[in-house]
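No experiment lies behind these values; they were computed from the predicted model shown. Chain letters run A, B, ... following the sequence lines, proteins first and then strands; every chain starts at 1.
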Amino acid sequence: MLKTRIIMTLLIEDSHLVKGKKFEKNRVVDTIIPTLKVYDKREVDELVLYDTKARANNTINFDKIKSLSKYVNIPLAYGGGIDAIEDIHNILRSGADKVVLNSCLYTDMNILKKSVLEFGSQCIMVGIDVKKINNVYHCFSESGTYNTGILFDDWVRQVLNFSPGEIILTSIDHDGVMNGYDLELYSKLSDEIRVPIIASGGAGKLNDFTEVLKTNRVNALAAASIFHFTEITPKMIRNKLSQEGFEVRK
Amino acid sequence: MTINLNVGLVDFGSGNLLSVINAIEQLGHSYTIIESSNQLQNLDCLVIPGVGSFNSAMKNLSKRKLIEPIIQFSREKYILGICLGMQLFSEVGFEGEKTFGLGLLKSQVVKFRGQLPVPHVGWNSVKLNDLQLQLFEGIEDNSDFYFTHSFYLENLSNGCEGVTSYGIDFPSVVVSNNVIGVQFHPEKSGKKGLLLLSNFFKYYVKN
């Protein structure tokens with residue numbers, strides 16, 4: 001049986017790790033390599049690395065991915081600035097195991113179709129960032145700065161047509177606030193979705209992880225602030241999940 | 001003290017070669033990327049990492065005239081196959097189109113059927129048949145490793161040393177003569193994965 005994964009998301013900006021609230025006001029929280037080493041050692045189950053400047057700078061720093069992957073013996077995903085199949089090829093060659101496709105899909109869904117065929121769905125994640133407006137979830141692109149006008153329910157249906165390996169679904173309103181995951185968002189997900197869903201945005205205390213798992217709609221838990229700003233470790237989260245009957249890695 | 005080994009690595013041109021290289025280097029060994037058969041001579045052991053499809057991987061080996069030399073190598077020294085690398089040891093695979101494998105294991109490679117999502121991706125546990133297996137020295141039974149695959153070994157006649165459940169029980173660890181295979185990715189399985197690789201280099205290398 002597959003275990004519930006605990007994933008650390010890392011936002012990189014130049015040689016630093018940053019974190020903000022609701023996708024804004026990013027501030028430096030750590031240096032990258034020492035943090036990677038710590039969380040590799042603390043046995044988080046997976047790492048997702050986002051380069052927040054890649055799209056704006058119109059460049060993906062493959063050398064950086066390569067140098068960071070050296071310190072990681074767990075699955076590593078990369079997101080940021082991906083526009084072409086060639087980018088994905090180079091990211092995987094740089095030591096990442098998966099990529100996160102997000103903004104580029106709003107202009108060209110073809111890249112999802114092609115990449116799943118070429119690299120296999122196991123290494124293609126789709127990132128979806130949503131914000132609630134008038135009680136309806138809207139999809140945002142470009143690191144949450146641009147309202148695509150597309151409703152989440154419609155978008156997820158389109159995305160699923162092309163069989164990505166998993167979906168990392170982030171609530172912009174809950175991001176960095178550390179007040180719990182957006183339970184409404186996840187509990188409304190159709191039980192016909194068979195692609196693993198990673199909940200992202202809002203984890204601030206141990207209870208938050210079990211609460212979102214109880215929606216029975218998410219398979220993995222992503223978090224950032226809780227690792228940067230509290231003493232809570234992946235092991236403590238695993239113990240908590242285990243106590244409440246969820247299967248975790250051992 | 002660790003003896004520095006020369007580990008041969010077969011490169012299929014895509015995917016996770018770098019992760020395997022990182023792990024080999026962390027364990028203090030050297031590696032040679034195998035492009036042609038004459039490079040097999042000075043190796044201590046061979047690792048076939050795996051991302052890609054059965055069909056394209058066999059075509060790639062065939063194009064580089066590596067199939068017979070690898071089979072020959074397995075008669076003298078140990079080979080570790082990781083994920084697709086382990087699947088290639090089979091007689092036949094059905095990914096892409098029906099393709100003959102290296103034929104070092106009596107088995108065939110088929111896709112998961114049933115209700116669970118495919119690919120099987122994530123951390124899953126390995127149940128050992130023999131708790132004394134040297135490959136797992138220092139690693140408890142039912143430990144979790146990182147898997148990412150859609151195909152598995154079916155009708156494996158012998159050598160199955162560990163199984164994993166995903167709808168069905170499938171072989172996740174195989175040891176048959178000089179042929180060692182793991183369906184998961186030890187290079188991505190944290191400390192326990194590194195320990196497994198370290199055990200391979202310690203116990204399954206002939207001097």
Peer 1: Select one option (side chain, backbone, both, neither) describing which atoms of B:Ile21 are under 4.5 Å from chain A's heavy atoms.
Peer 2: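 For B:Ile21, neither part sits under 4.5 Å from chain A.
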
Peer 1: In terms of heavy-atom pairs under 4.5 Å with chain B, which of A:Arg194, A:Arg249, A:Glu46 leads?
Peer 2: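 If we count pairs closer than 4.5 Å to chain B, A:Arg249 comes out on top.
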
Peer 1: Is the count of non-hydrogen atoms from other residues, nucleotides or ligands lying under 6.0 Å from B:Phe100 atom CZ greater than 12?
Peer 2: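 Check fails, neighbour count at 12 or below.
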
Peer 1: Looking at A:Asn73, A:Leu76, A:Val72, A:Thr4, which one has more heavy-atom pairs under 4.5 Å with chain B than the rest?
Peer 2: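 Among the listed options, the one with the most contacts to chain B is A:Asn73.
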
Peer 1: To the nearest 0.5 Å, tell me how far B:Ser53 OG sits from A:Glu118 CD.
Peer 2: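 B:Ser53 OG to A:Glu118 CD: 11.0 Å, rounded to 0.5 Å.
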
Peer 1: Going from OG on B:Ser125 to NZ on A:Lys3, what distance comes out if it is rounded to the nearest 0.5 angstrom?
Peer 2: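 NZ of A:Lys3 is found 3.5 Å from OG of B:Ser125.
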
Peer 1: Which pair of heavy atoms, one from B:Val121 and one from A:Leu2, lies closest together, and at what distance?
Peer 2: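 Scanning both residues completely, I find the closest heavy atoms to be O-CD1, 3.4 Å.
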
Peer 1: Are there more than 12 heavy atoms of other residues, nucleotides or ligands under 6.0 Å from atom NZ of B:Lys106?
Peer 2: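 No, not enclosed.
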
Peer 1: Please look at A:Val195 and chain B and tell me whether the side chain, the backbone, both or neither of the residue comes under 4.5 angstrom of a heavy atom of that chain.
Peer 2: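 A:Val195 has no heavy atom closer than 4.5 Å to chain B.
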
Peer 1: Sub-3.5 Å donor-acceptor pair from the side chain of B:Asn124 to the main-chain atoms of A:Met1, do we have one?
Peer 2: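 Yes, because the side chain of B:Asn124 sits within donor-acceptor range (under 3.5 Å) of the backbone of A:Met1.
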
Peer 1: Quick one: pull up CG in A:Asp97 and CG in B:Leu18 and give me the separation to the nearest 0.5 Å.
Peer 2: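 Those atoms lie 10.0 Å apart.
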
Peer 1: Answer with side chain, backbone, both or neither: which region of A:Arg5 has an atom nearer than 4.5 Å to a non-hydrogen atom of chain B?
Peer 2: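 The answer is the side chain of A:Arg5.
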
Peer 1: Do any of residues 152-166 of chain A have a heavy atom less than 4.5 Å from a heavy atom of chain B, and if so, which, in residue order?
Peer 2: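 Not one residue of residues 152-166 of chain A has a heavy atom under 4.5 Å from chain B.
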
Peer 1: What is the distance from atom NZ of B:Lys191 to atom NZ of A:Lys41, rounded to the nearest 0.5 Å?
Peer 2: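 One gets 8.5 Å once the value is rounded to the nearest 0.5 Å.
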
Peer 1: Which bit of B:Asn22 is near chain A, if near means a heavy-atom gap under 4.5 Å: side chain, backbone, both or neither?
Peer 2: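 It is the side chain, since no backbone atom gets that close.
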
Peer 1: With a 4.5 angstrom heavy-atom cut-off, could you sort out which part of A:Asp40 is near chain B: side chain, backbone, both or neither?
Peer 2: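 When you check distances to chain B, no heavy atom of A:Asp40 falls under 4.5 Å.
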
Peer 1: When rounded to the nearest 0.5 angstrom, what distance separates CD1 in A:Ile6 from CH2 in B:Trp123?
Peer 2: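 Rounded to the nearest 0.5 Å, the CD1-CH2 separation comes out at 11.0 Å.
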
Peer 1: For A:Lys64, look at atom NZ and say whether over 12 heavy atoms of other residues, nucleotides or ligands are found less than 6.0 Å away.
Peer 2: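 Check passes, neighbour count above 12.
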
Peer 1: Which one, B:Gln26, B:Glu25, B:His185, B:Glu140, leads in non-hydrogen pairs under 4.5 Å with chain A?
Peer 2: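 Most heavy-atom pairs within the cutoff with chain A belong to B:Gln26.
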
